Amino acid sequence: MGFRLRPAVLALIILLFFSSLAAAAGQHGNRFRNVIIMVPDGCSPAQVTVARWYKGAPLALDRMYLGGVRTYGANSLITDSAPAATAFATGHKTADKFIGILPDSVTTPGAAPIPEERRYKPVPSVLEGAKLIGKSVGLVATSNIQHATPAAFSAHWPDRNNYNEIGKHQVYQGMDVVLGGGKQYLVPKEKGGARTDGEDLTEVLRAKGYLIVHTREELEKARGNRVWGAFADDAMANEFDRPHLRPEEPALAEMTKKALTILSKNKKGFFLMVEGSKVDWAAHANDPIGVVSEVLAFDEAVKVALDFAKKDGKTLVLAFADHGTGGMSLGSDGVNKSYSTLPFEKVFGPLKKAVLTAEGVEQKLEKDGSEEKIRNIVGEFYGIKDLTAGEIKTLRNASQGPRRALGPMMSARSGIGWTTKGHTGEDVFLYHYGLNRPLGLIENTEIAGMTAKALGFDLSMVESRLFVPAREVFSAPGVIFSLEGAGTGKAVLTVRKGEARADFPLGTNLMYIKSQGKTYEMEGISVLAPHTGKIYLPGESARLLERSIKNIPVGR
């Protein structure tokens, strides 16, 4: 019917893709079957140092080889989580707030320039590449799962804050295990959620065979090969706070263990990304208790991954931060004259008295609590029993909530320093297990290539298979394209020639053939690049359409 990918182009794609897979696997000698990437978001070396001292014992991270990662973005020396995660998920530097797509420009010295024809183009992640060659794939995070880092592995959009769009991409990616927060972004407003397109993605998940779980107990009992955990409307609780405020939620280590149990059933192997999301959030609040809470929770998850990898023998584990946050230091202006005699108790005595993080204490405080109530709650749960009248006033009037005020109060009493409430641009540690050699200092983009090589595929070949401009996929004369619903969250691309027609709901892996009343699932999702209006489809969509309309009368 004329819906053809040009034969020469199709043959070249197929030849290059499968030859690249064989070459990649041969170069690595099939040494690895699985890769686990672990990200403590916003975690600089100082955060790890403070957490280790607080624990009073070596961390699981200390059992791994150590290297370094440069973190800068395409247009800034200090990166946001979205371009940082896109770098190590796809191998490409990109612009602020971009998720899984290329930038329009590159200005940072040393970053690879962007050809004009590739601006705003979606690029595949290592998760998508692993899925394409038959491996199981999963995401685990303590933020909402639509947040920047997990999103960069599973979605393609220029705005990291559009959780509705990102959530749809993720549901239609066909991942095997997804565990974290963000339940409200799966459910329409009419049912108490946050989605504005009216689609109930929990119904889509159930139709696809997922078991949806909402509690720690449900996760423990979960069986099957497809599990989606939505444990909180938005982000999950900090680990220190969880037993007191949300005991029904699982710990990061528990989610990691369950994900590995499910994914490892696949004899072809798996890819898993685990994020300790809220190290970053605690550092934004300059809360040393929150930092310790989330670094130690992340480290427990690292222990789970290392134990699995050592037993398995064919698993590569990479742990690294996406960037620094807060400019945390062990030492501050308050100890300038005494740092050379600074005792452990001076720093960690105040920290050890806290039961909850600043975020947890904020949840205990009423918006306009009395002075007595503030003193009692902060004293009991945050360990500060000597609040001044000025500090009470600050807590009562804090425009961004008490958590942003409590952290600095604790820091001043402990000798912990901060330079900012934003991100920082220093190099970060790269911990790794399985390579058995030092790596030195690498670019964050190199992590994607390292992962792809270990799993046995080439990202450039994955791109040529998953993200082909629609006008190149359907290039025969007489083909008509139309787009309806742009900007509504329900955009649909229609491709016609004569009476033959195919509809592609964008952001999904679906293709409807109206003449048959049938729906086909593609091996990747269709993606709109809003800045250019270009639409990208998996190359197989032409073959699916050709096969589906063969010998069927036009207009049936």
Side-chain angles (χ1 to χ4, degrees), residues 38-44 46-48 50-51 54 71 78-82 84-85 97 139-152 160-161 163 179-185 231-242 244-246 249 251-252 255 273-301 320-328 351 354 356-365 381-382 398-411 416 418-424 428:
M38 310 191 75
V39 182
D41 197 293
C43 186
S44 296
Q47 275 90 327
V48 178
V50 170
Y54 182 98
T71 62
I78 301 175
T79 186
D80 185 47
S81 292
K97 306 298 184 286
L139 297 174
V140 173
T142 49
S143 65
N144 57 304
I145 205 68
Q146 304 83 9
H147 211 256
T149 302
R160 59 168 286 181
N161 296 312
Y163 296 149
L179 306 175
K183 178 168 55 177
Q184 64 179 321
Y185 305 112
F231 303 109
D233 279 342
D234 209 314
M236 297 175 68
N238 289 333
E239 181 58 26
F240 278 18
D241 305 335
R242 184 180 59 81
H244 303 276
L245 302 178
R246 297 195 217 165
E249 293 182 0
L252 182 61
M255 292 192 290
M273 193 289 296
V274 177
E275 183 190 35
S277 315
K278 296 180 70 178
V279 179
D280 175 71
W281 298 19
H284 275 298
N286 290 177
D287 175 23
I289 307 300
V291 166
V292 168
S293 164
E294 297 313 282
V295 172
L296 293 182
F298 176 78
D299 194 62
E300 286 297 312
F320 53 89
D322 49 353
H323 53 75
T325 301
M328 188 183 200
L351 271 58
L356 300 179
T357 69
E359 179 179 307
V361 173
E362 181 178 88
Q363 293 176 37
K364 286 278 187 180
L365 290 169
F381 295 104
Y382 206 59
S399 60
Q400 294 182 304
R403 77 180 71 178
R404 290 270 179 152
L406 280 168
M409 292 175 189
M410 177 64 79
S411 298
I416 297 292
W418 303 90
T419 64
T420 178
K421 289 186 181 292
H423 291 181
T424 54
V428 296

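Because the structure is a prediction, the values reported are computed rather than measured.
No side-chain heavy atom of Val295 sits under 4.5 Å from any side-chain heavy atom of Pro40. With a 4.5 Å cut-off on side-chain heavy atoms, Met410 and Ile289 count as touching. Counting only heavy atoms from C-beta outward, the side chains of Phe231 and Leu179 approach each other to under 4.5 Å. For the pair Leu252 and Val274, the minimum side-chain heavy-atom distance is below 4.5 Å. Counting heavy atoms from C-beta outward, Val291 and Val50 have side chains that stay 4.5 Å or more apart. Proximity of Pro288 to Met328: side-chain heavy atoms (C-beta onward) are separated by under 4.5 Å at one or more points.
With respect to Arg160 and Asp80, a salt bridge is recorded, a charged nitrogen being found less than 4.0 Å from a carboxylate O. Glu359 and Arg403 are joined by a salt bridge, as a carboxylate oxygen and a charged side-chain nitrogen come within less than 4.0 angstrom of each other.
Separating the CG atom in Asn238 from the NE2 atom in His244 is a distance of 12.0 Å, to the nearest 0.5 Å. One distance of note links CZ of Arg242 with CG of Leu356; it measures 13.0 Å at 0.5 Å rounding. Distance check, rounded to the nearest 0.5 Å: CD1 of Ile145 to OG of Ser277 gives 7.5 Å. The distance from the CG atom of Asp241 to the CD atom of Gln363 is 6.5 Å, given to the nearest 0.5 Å. Note that CZ of Phe381 is 4.0 Å distant from NZ of Lys364, once rounded to the nearest 0.5 Å. Rounding to the nearest 0.5 Å places CG of Asp299 at 9.0 Å from CE of Met38.
Judged by distance alone, the side chains of Thr325 and Asp280 do bring a donor and an acceptor atom under 3.5 Å apart. A donor-acceptor contact under 3.5 angstrom links the side chains of Asp322 and Ser81, judged on distance only. In summary, the side chains of Asp234 and Tyr163 do not present any donor paired with an acceptor at a separation below 3.5 Å, with no hydrogens or angles considered. A side-chain N or O of Thr149 and one of Glu275 form a donor-acceptor pair less than 3.5 Å apart.
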Q.
Evaluate Ile78 against Thr424 for side-chain contact (heavy atoms from CB on, under 4.5 Å), listing each step before the verdict.
A. CA-CA 6 Å; Ile78 301 175; Thr424 54; 5.6 Å; no
Q: Show the numbers, then the answer: is there a side-chain contact (heavy atoms from CB on, under 4.5 Å) between Ser143 and Trp281?
A: CA-CA 10 Å; Ser143 65; Trp281 298 19; 4.0 Å; yes
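Nearest heavy atoms, Ala297 versus Glu239: CB-CB, 3.6 Å. The nearest pair of heavy atoms linking Gly276 to Phe298 is N-CD1, 3.8 Å. Nearest heavy-atom pair, Tyr382 versus Leu406, reported as atom, atom and distance to 0.1 Å: CE2-O, 3.5 Å. Listed here is the closest heavy atom pair of Ser293 and Thr357: CB-CG2, 3.8 Å. The two atoms that bring Ala398 and Pro402 nearest to each other are CB-N, 4.1 Å, heavy atoms only. The nearest pair of heavy atoms linking Gln47 to Ala283 is NE2-CB, 3.8 Å.
Separation of the Trp418 and His284 ring centroids does not fall under the 6.0 Å cut-off.
At distances below 3.5 Å, at least one donor-acceptor pair connects side-chain atoms of Asp287 with backbone N or O atoms of Ala358. The closest donor-acceptor contact from the side chain of Glu249 to the backbone of Ala237 lies under 3.5 Å. Asn286 places a side-chain N or O within 3.5 Å of a backbone atom of Thr420 that can act as its donor or acceptor partner. Between the side chain of Lys278 and the backbone N or O of Ala235, no donor-acceptor pair lies under 3.5 Å. Under a 3.5 Å cut-off, the side chain of Asn144 and the backbone N or O of Gly182 do not form any donor-acceptor pair.
Ring geometry for His323 against His423 counts as parallel: the plane angle stays under 30°, on a 0 to 90° scale with 60° as the upper cut.
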